[in-house]
Structures are given as structure tokens and as C-alpha cells.
Amino acid sequence: MASEAEIERLYQEFVAGGGGSLTFDNTNLTPKQYSSVSSSSNLTPLQLAQLESKQHQFNKQSALRSIADEIDANNFTNPYAARGAYSTSLFDGLGASTGVSTIGAISSALSGFSAVDKAAIFAGVLAASGVDLDTILKIGGLALLGTSMASSLTNHTNSQTANIPQTMSDASSLASMNQQFGESGNPCDQFNNLMGLLGGVFDGTLDFIDGAVTSIHGFLKQTGILDLLTAIKDAILGVAGGVLAVVGAIVAVVVGAVVAIIQKLAPIVGKIINAIAEIVSQIANELAGFADMAAALLRKALALVLGAAALDPCQSAVLMNTGTPAMKDAVTLLKHPMGTGHPSAIGTTVDTRANEYKVKNTMASAHERAEIVSGVPQSPLTAAAKAYTVQDETLHPTITPTSVDTIFDDSYKDQEVISGHWRQVIFDWRSKQLSYMVDSKAVISAIDAALATKDFSNKSALKTRLTVILRETLDHQYRVGKLTDNVSLEFYYWTPGAVVVDSQEEKILSKYNSITKPAMTRTYNAAITSLKLTKTEWNSIDSQLY
């Protein structure tokens, strides 16, 4: 009875304090403090468990009551209302800037040219100066794109937060049903397709947009930028000729330190346009998903009811008598007994601490090298073999202590000749290998960093493609890195006393020029071509990542 009284006393103290951390919760205690607190009680471990169970129950009931009160009062706020207002202010500030007005004037100056001529002008300016004028001019339309996105974001999330409990319940039900129907993705992904914005999945993208707008606005304010934009506008207006004349006039004024700043703007503009399109697309997908959600919930709920009926012998008889062949086949499948065999394999997970392809290539290289190095001496005439002495009938050997020099006397090392042509081969190829390795490692590092740090929400296809091109680049890097190592043994031969043999030298050179060098060149050229394509594709994918 004393113990029950102690449990009740501690429980009432817990309740009086409003719940929260349990009496003997060691979350915020050191091991010594926890030991002191728990040892001061006369409760047994079982009684401690009973006390904690009552306290857990109190916490759960308190939480549910609070949730019920919040639902009754509909105390839910839309964090994206304030965010939308902030983004609108950023885009409005950009749109009202003098730099954007000047960019608009440049667009007006080019309005008299056809789309084909403008494309030629943009291409000519880019080739001659490195300035992507086409993308720079798109800054003029960012304000409208951004404010429209922010308005849509605010309106859409306002409608979702109008009745959060019902909206979340319907979205969660549909996501769970989709999983039961075997549709792609997990329930969390399905739910995010309906409420990803409110769930914060796209907060990183929105942060990037706000930061990029601020950066672009700051760029346009830098010394010399406005003067350069004005000079470009005046150059266009002051030329009476055609495309070539306009290109020449623009290139003539695109000079000085500010050119580097202008060149940095283009990638940012391209990324922010893609990011805005991603948010707009997510809003459209969520709206479409909610529009279809009611019908989908009803359809799939009825299917689950009939699926359950198929397991009942009386109800399934009705379905078998009245259903179509497709319905009958479905009922038969549902009633098929489950197997009882053990799984054929145990599931494993990928260890992300190492790159799979680097490990495989390194292991393959080790095996290849191991196959061509010298092994245990097999000839009984060698000094190493003579050092072994038979001890008994089972032929278990022991080795007589002897110096390393004695064991390897007269071995192949003393007869080894490295062809004089090997030095020239190294000279011809090492610089090419080094240049390729530097370029490929830069791309690989950039892709590795993107896979580790970029937001791939709803971009699984891009992540998969990055993984593929990373593997291909690593494969080419491995082949180029091993170009000279793989052929090195072709330049070795063995003669008594390690004497150089001219005929052998000529044979080695002939084989290298006719067979080995062309094969090495094909491998190298394939790697160079692949790297160029990889850089182009990586730049395209990178423009879509934030």
C-alpha cells in the first residue's frame, strides 16, 4: 500500500506541474544525478514502469485535448502569406530599379529585329565577348514572373490552411491508399505531391529565389553596370546596319572589369527562372491533385471494401457470380494463399561512405597486377627453391634461415631490361593523362558535391542521371589513369646479364606503333569526347539545382 501511495503522490506532483518530462526522466540529468534521483525512491523497477505509464498517458491525453481545442478554434496560420509578401517586395524592388528600366530599353531597341536576327545577335555577342545578352534581357521579365508566383503561392496555401484538419486527413488517406494500390513512391512522397509546399519541401527553392533576386538587384547597382547597359542600348540605337553591325557595336562597348560581373549574372538568371517555374508547377500539380482527390478517395475506398469482401466466402460468391472476368480474376488473386517459405536472401543497404565504382576499379586493378607479378619459385634449380629441405613423408617444408640476397641471387630482376623507348612513351602520355585527370576530377567533384548538398525533391530523374554520368566519368578516368600502367610490361624483357638487344628493342617499338599506341589513342579520345559531353550535360542539370 505504501508503494501505491508513493506512485499516486509522484503522479499528482507530475500532474500539478502540467506534465511534460517524467519524474525519473534522465533526458536532462547526468548519470550520477539520475542514479541519485531513482535510488531515493522505494519503488521497484516494475512500479517505476507503472508510474511512467500513467505519466505517458497523461501527456498523451493533454496533447490530444490541446489538438482538439486548436482544431475547434481553427488556430492554423499560413507561413507563406508573409513569405509571399516578402518575395513580392523583393521583385517589386527589382522591377522598379533603374537597371531593369535600362534592360527594358535594350529590349525595345532590339524590337525591330526578327526572332532569327535577334538570335544571331545574341549568339554573335556571346561568341565574341562571353556575355549572354539573351539571358541578361530576361531580367526585365523577372518582376512579373516573381510577383505572379508569390501571389499564386499565397492564394494556394491560404485555401489549404482554411481547413487544415480535413485537408490533411484527405491527403493522408489518399497517399495511404495509393501505397496499397502499389502506385510508385512512398506515402510521404504521395502526400508531398498534394501538400509539399505547406510541408516545407520547397523552402530551399524559395530561399534560393529570394537570395537570387537580392543578388541580381545588387549586381545591377554596382559601379559601371548601369553605364555598360546604357552603352549597349546606345550602341544598338546608333547603328544603321544589320546583324553584323549591331554585334560589332555591342562588342565594342562590352569592355572593362564590369564585363566579368555581367558574365556572372547569366547563370543566376537562368537558375531563378527555373526555380520559379518549379514552384508554379508544384502549385499546379497540387491544385490538380486536390481537384481529383475526392473522386480518387471514393473510387479507391470502394475498391478496398470490395477487396475485403473478396476474402469472405459468402460475399466473394456474389462477386464471382456478378463480376466480369477481370473481377473474377482479381478475386481469385486476393484469395490466393500466401507462401510460407523463408526469404531467399537478406536485404542489404548501400554503404555511402565509399564510391562503388572507385572500389570496384581499384579491386580489379589489384587483381590484374597480382596475376602478372612473380609468385613462389617453382624451379628446383633456383637458390630460393634449394633453401627448402624435406623434413618428413608428408613433405611439409621449412625454410632454412638465409639472407634475402641469397634467395634472390640470379633471379629475373638481375636479368630485367627496360626498353629505351619506355621513357619516350611516358613523355608522350603523362602530360595528356595529367590534363585529363585534372579536368575530370573537377567535374566529378562538382557532381559529388551536388549529390551531397543539392535539393533533389521531385527531381529523382536528375539525380539518377547524375549518378549515371558520374559512373561513366569515373570509368573513363580509371582507363586514362591506367593507360601507361597497363602497357608497361610490353617494354620489359629479360636477357642474361640484362644486356640490351637491338632486335628486341625494334620489335617493342614496332608493336607499340602498330597496335598499342592506336589502342591507347582510341581510349584517350573516347574519354575526351565523353568528358566534353558530360560537361555540357552537367551544366544543364546544374542550372536546375538549388
Side-chain angles (χ1 to χ4, degrees), residues 74 76-95 138-178 183-214 216 268-297 454-463 541 543-546:
N74 197 26
F76 297 96
T77 58
N78 178 14
Y80 296 96
R83 178 148 204 169
Y86 176 68
S87 295
T88 298
S89 68
L90 292 178
F91 282 105
D92 284 343
L94 176 65
K138 291 177 181 178
I139 294 175
L142 282 182
L144 179 59
L145 285 176
T147 53
S148 298
M149 177 212 70
S151 176
S152 298
L153 175 67
T154 302
N155 294 335
H156 172 60
T157 50
N158 276 340
S159 66
Q160 286 186 319
T161 52
N163 190 355
I164 282 287
Q166 186 61 48
T167 304
M168 288 187 62
S169 176
D170 291 344
S172 178
S173 297
L174 182 58
S176 297
M177 288 181 183
N178 286 340
E183 298 188 10
S184 61
N186 57 50
C188 189
D189 291 336
Q190 297 283 351
F191 182 83
N192 285 336
N193 287 337
L194 297 171
M195 297 190 73
L197 287 167
L198 271 184
V201 175
F202 292 86
D203 282 357
T205 303
L206 292 170
D207 289 340
F208 170 79
I209 292 173
D210 290 346
V213 173
T214 304
I216 292 172
I268 298 177
V269 175
K271 284 194 174 187
I272 193 174
I273 291 174
N274 289 338
I276 291 173
E278 186 174 338
I279 296 296
V280 172
S281 175
Q282 176 65 16
I283 292 172
N285 290 338
E286 290 188 10
L287 287 172
F290 273 100
D292 298 336
M293 186 166 61
L297 279 172
K454 299 293 185 180
D455 181 8
F456 285 93
S457 301
N458 299 311
K459 297 177 184 176
S460 58
L462 292 182
K463 187 172 185 178
I541 293 176
S543 67
Q544 304 173 56
L545 302 177
Y546 329 109

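Keep in mind that this is a model prediction, so the values were computed, not measured.
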What's the separation between atom [atom1] in [X] and atom [atom2] in [Y], rounded to the nearest 0.5 Å?
X: Thr157; Y: Asn78; atom1: OG1; atom2: CG; result: 3.5 Å
X: Ile268; Y: Ser543; atom1: CD1; atom2: OG; result: 13.0 Å
X: Thr147; Y: Ile276; atom1: OG1; atom2: CD1; result: 9.0 Å
X: Lys463; Y: Leu545; atom1: NZ; atom2: CG; result: 11.0 Å
X: Leu94; Y: Leu90; atom1: CG; atom2: CG; result: 9.0 Å
X: Ile216; Y: Ile272; atom1: CD1; atom2: CD1; result: 4.5 Å

Main-chain N/O of [Y] paired with [X] side-chain donor or acceptor, under 3.5 Å:
X: Ser148; Y: Leu144; result: yes
X: Ser87; Y: Gly84; result: no
X: Tyr80; Y: Leu197; result: yes
X: Ser159; Y: His156; result: yes

Problem - Counterpart residues, side-chain hydrogen bond (donor to acceptor under 3.5 Å, both in side chains), relative to Asp207 (two or more places apart) - result: Arg83
Handout entry: Partners passing side-chain hydrogen bond (donor to acceptor under 3.5 Å, both in side chains) against Asn274 (at least two apart in sequence or in another chain)
Key = none
Between [X] and [Y], is any pair of side-chain heavy atoms under 4.5 Å apart?
X: Leu145; Y: Val280; answer: no
X: Phe91; Y: Ile209; answer: yes
X: Val213; Y: Leu142; answer: no

Handout entry: Inter- and intrachain pairs under salt bridge (charged side-chain N to carboxylate O under 4.0 Å, His left out), touching residues 270-285, at least two apart
Key = Lys271-Asp542, Glu278-Lys459
Exercise for the section: Check Ala81 against Thr154 and note the closest heavy-atom contact, atom names and distance. Expected result: CA-CG2, 4.0 Å
